[in-house]
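For the numbers below, each heavy atom of this structure counts, side chains included, while hydrogens, waters and symmetry mates do not. A, B, ... follow the sequence lines: proteins, then strands. Residue 1 opens every chain.
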Amino acid sequence: MYKIIVIGGSAGSFPLIQKLLAKLPASYNTPIVLCLHRLKHIRHGFVEALNLKSAKQIIEPDDKEKIQKGRVYLAPANYHLMADIGNIFSLSTSDMVSFSRPSINVAFDTFSYIFKEKMLGVILSGANSDGAMGLYMAKKRGAKVITQSPAEATIKTMPEAAIHLMPDIKQLNIDEIIEYILSHDSIKIEV
Amino acid sequence: MIAEDIDLNAIKEISGVLKSSWNYDFSEYATTSFMRRISRAKEIFRIGSNAELIVKIKSDKNFTEELVREITVNTTEMFRDPSFWRKLREDILPELAKLSTIRIWHAACSSGEEVYTMAILLNEMGISNYSIIATDINDEVIEKAKSGLYLNRNMELNTQNYNRFLGGVDFKKYYNHFSVDVVKMNPDLLRNVHFRKHDLVIGTPFSKFDLVLCRNVMIYFNMSLQNKVLSLIEQSLFSGSYLAIGSKESIAWCAASNHFKTISAEEKIYQKITTLGS
Ligand SMILES: C[S@@+](CC[C@H](N)C(=O)[O-])C[C@H]1O[C@@H](n2cnc3c(N)ncnc32)[C@H](O)[C@@H]1O
């Protein structure tokens, strides 16, 4: 089972994330990290919008905050979100990667470095290639990787970039991705 | 990306020679972030192996200076987090203005954007009784800060931030065009500012301040180093003085945090309180 699920998305991914969060029971145990492209200078509102339809309280972690079971995290605006030794988050203001901060490449790279085959990485709809290279590194380190099928994605660029680097990557529709995530939880937590 | 040959041992070896050869101590920087910086620097300098990197560090001081510049993250903005600067204007600076001189320390000032921001803010508030010390580990960014020369294309973001801060004038008032791509900040803004090189890791407290800004540098440190640096800063504050950290930073797990009370959880502003025995 996975110790962490990292999901990257950009243009066209917001409704997919909302759908996932709406189906996610409060008892879901595996921590989920959402790395979504977002406006740099809007610090508020995004997490609240995601919270609306979810049984989970979505959190924007502080630097060096412990990654905890049962939580859903969102990468904060204008920082890269990384994992570090000791199951913690680590933030950075380093240059944008693929025009993005938070960058999905940075998240996949560092989370897979820490969690190796215990990570599930998912890439969704988006208009640039951020995420593909990071997911490729994750796969090399033994992580399980999935992309939304480009046929379904509102904007195909991100899934296609992932498929270009990993022709054998598992391609699923959003309902199948959600089903996969729901059926691959580590032991449920009591709520 | 973290290169395949970068692992914990390699990182220990590299930070080991940086320390033994040139007294730069990166041993307690946040690991994955540091690994990414080293991998990136190896690409920039076209260095194929860790062994080659280590030889270059040992033998070449200029290279090491350049390397340190690439390892550290220097990104910054004027009026970064406009709501933070509004909070200083509304709640903190009016309080501090009652002092005969407000002593301010920008710890890790990078290329100076934060310093110009503070000077502009104080100016607009009509406060002139202040003295600013701005420090960084990196000479080159300090020189840039002193020169006040910034890329014109960065002024767009700086101006947007200033407008969100609800500044009092047209931001253009604070700089002139230097060349096609470069602007020069009004040098008068540095009237009460002194720059110096200071390393938060190996440095010691050197003075006491009424307000310390230490924003977006401790994120590059691991928790143990954050703990040490927070005590250094704590020793550099009078009781009643203020500390501001980056918007996603936390001092909660640092031992010195019990010397502080939270003034704004949202803007990460703290005040040093008098504790027993201090
Ligand atoms: C991201 S910038 C922060 C600039 C500014 N405070 C802001 O928030 O926009 C981080 C700065 O920390 C400096 N730095 C890194 N390690 C340091 C150390 N050990 N001592 C002092 N400065 C350091 C870097 O040179 C860089 O200029």
S.K.: Which one, N74(B), N161(B), T72(B), leads in non-hydrogen pairs under 4.5 Å with chain A?
M.R.: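 Winner by heavy-atom pair count: N161(B).
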S.K.: Which region of M218(B), side chain (C-beta onward) or backbone (N, CA, C, O), has a non-hydrogen atom less than 4.5 Å from a non-hydrogen atom of chain A, or is it both or neither?
M.R.: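 Backbone of M218(B) only, per the 4.5 Å heavy-atom cut-off to chain A.
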S.K.: Name each donor-acceptor pair under 3.5 Å that joins a side chain in residues 79-86 of chain B to protein atoms two or more places apart or in another chain, with its distance.
M.R.:
from	atom 1	to	atom 2	distance (Å)
D81(B)	OD1	R43(A)	NH1	3.3
D81(B)	OD2	R215(B)	NH2	3.0
S83(B)	OG	E267(B)	OE1	3.4
S83(B)	OG	E267(B)	OE2	2.8
W85(B)	NE1	R80(B)	O	2.9
R86(B)	NH1	R164(B)	O	2.5

S.K.: So which part of I251(B) gets closer than 4.5 Å to some heavy atom of chain A, the side chain, the backbone, both or neither?
M.R.: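 It is neither, since no heavy atom gets under 4.5 Å.
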S.K.: Given heavy-atom pairs under 4.5 angstrom as the criterion, report whether the side chain, backbone, both or neither of V97(A) touches chain B.
M.R.: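 Side chain only.
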S.K.: Would you please indicate if the ring centroids of F14(A) and F46(A) are separated by under 6.0 Å?
M.R.: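 Yes, the ring of F14(A) comes within the 6.0 Å limit of the ring of F46(A), centre to centre.
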S.K.: Are any of the side-chain nitrogens in K197(B) or D139(B) under 4.0 Å away from the carboxylate oxygens of its partner?
M.R.: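 D139(B) and K197(B): salt-bridged.
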S.K.: Please classify the contact between E266(B) and chain A as side chain, backbone, both or neither, with a heavy-atom cut-off of under 4.5 Å.
M.R.: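 Both backbone and side chain.
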S.K.: Checking S90(A) against chain B: side chain, backbone, both or neither under 4.5 Å from a heavy atom?
M.R.: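 For S90(A), the contact with chain B is made by the side chain alone.
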S.K.: Kindly say whether D84(A) contributes a backbone atom to a donor-acceptor pair with the side chain of K64(A) at under 3.5 angstrom?
M.R.: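 No, K64(A) side chain to D84(A) backbone: no donor-acceptor pair under 3.5 Å.
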S.K.: Could you tell me which of N216(B), V73(B), I2(B), L157(B) has the largest number of non-hydrogen atom pairs under 4.5 Å with chain A?
M.R.: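 Most pairs with chain A among the choices: I2(B).
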S.K.: Spell out, as yes or no, whether a donor-acceptor pair under 3.5 Å connects the side chain of S147(B) to the backbone of K144(B).
M.R.: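 Here the side-chain-to-backbone pair exists.
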S.K.: Using non-hydrogen atoms and a 4.5 Å limit, figure out which bit of L8(B) sits close to chain A: side chain, backbone, both or neither.
M.R.: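 Answer is both: backbone and side chain atoms of L8(B) are under 4.5 Å from chain A.
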S.K.: If you check every heavy atom in residues 42-49 of chain B against those of chain A, which residues fall under 4.5 Å?
M.R.: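 Checking residues 42-49 of chain B against chain A gives no residue, so none.
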S.K.: Judged by atom type as modelled, is there a donor-acceptor pair below 3.5 Å linking the side chain of N173(A) to the main-chain atoms of D175(A)?
M.R.: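 Side chain of N173(A) to backbone of D175(A), a donor-acceptor pair under 3.5 Å: no, none is there.
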S.K.: Determine yes or no for a side-chain-to-main-chain donor-acceptor pair under 3.5 angstrom, with S27(A) supplying the side chain and P25(A) the backbone.
M.R.: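 Pair absent, no side-chain N/O of S27(A) close to backbone of P25(A).
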S.K.: Can you find a heavy atom in the side chain of N128(A) that is under 4.5 Å from one in the side chain of H37(A)?
M.R.: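 They are in contact (side-chain heavy atoms under 4.5 Å apart), so the answer is yes.
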S.K.: Which one of E249(B), R36(B), M223(B) has the most heavy-atom pairs closer than 4.5 Å to chain A?
M.R.: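 Of E249(B), R36(B), M223(B), R36(B) has the most heavy-atom pairs under 4.5 Å with chain A.
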S.K.: For the residue pair Y162(B) and Y174(B), does the interplanar ring angle fall in the parallel (under 30°), tilted (30 to 60°) or perpendicular (over 60°) class?
M.R.: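 Geometry flag for Y174(B) against Y162(B): perpendicular rings.
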S.K.: Given heavy-atom pairs under 4.5 angstrom as the criterion, report whether the side chain, backbone, both or neither of E60(A) touches chain B.
M.R.: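 Its backbone and side chain both get close to chain B.
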S.K.: State, yes or no, whether a side-chain contact exists between I4(A) and K118(A) at a heavy-atom distance under 4.5 Å.
M.R.: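 They are not in side-chain contact.
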S.K.: Report yes or no: is the cationic atom of K116(A) (NZ for Lys, CZ for Arg) under 6.0 Å from the centre of the six-membered ring of Y113(A), at an angle within 45° of the ring normal?
M.R.: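 Flagged: K116(A) positioned over aromatic ring of Y113(A).
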S.K.: Please classify the contact of A83(A) with chain B as side chain, backbone, both or neither, using a heavy-atom distance under 4.5 Å.
M.R.: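 Contact with chain B involves the backbone of A83(A) alone.
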S.K.: Treating R101(A) as the side-chain partner and T93(A) as the backbone partner, does any N or O pair qualify as donor plus acceptor under 3.5 Å?
M.R.: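 Indeed, once roles are kept as given, a pair shorter than 3.5 Å links the two residues.
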S.K.: Is it the backbone or the side chain of L91(A) that comes under 4.5 Å from a heavy atom of chain B, or both, or neither?
M.R.: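 L91(A) touches chain B through backbone and side-chain heavy atoms alike.
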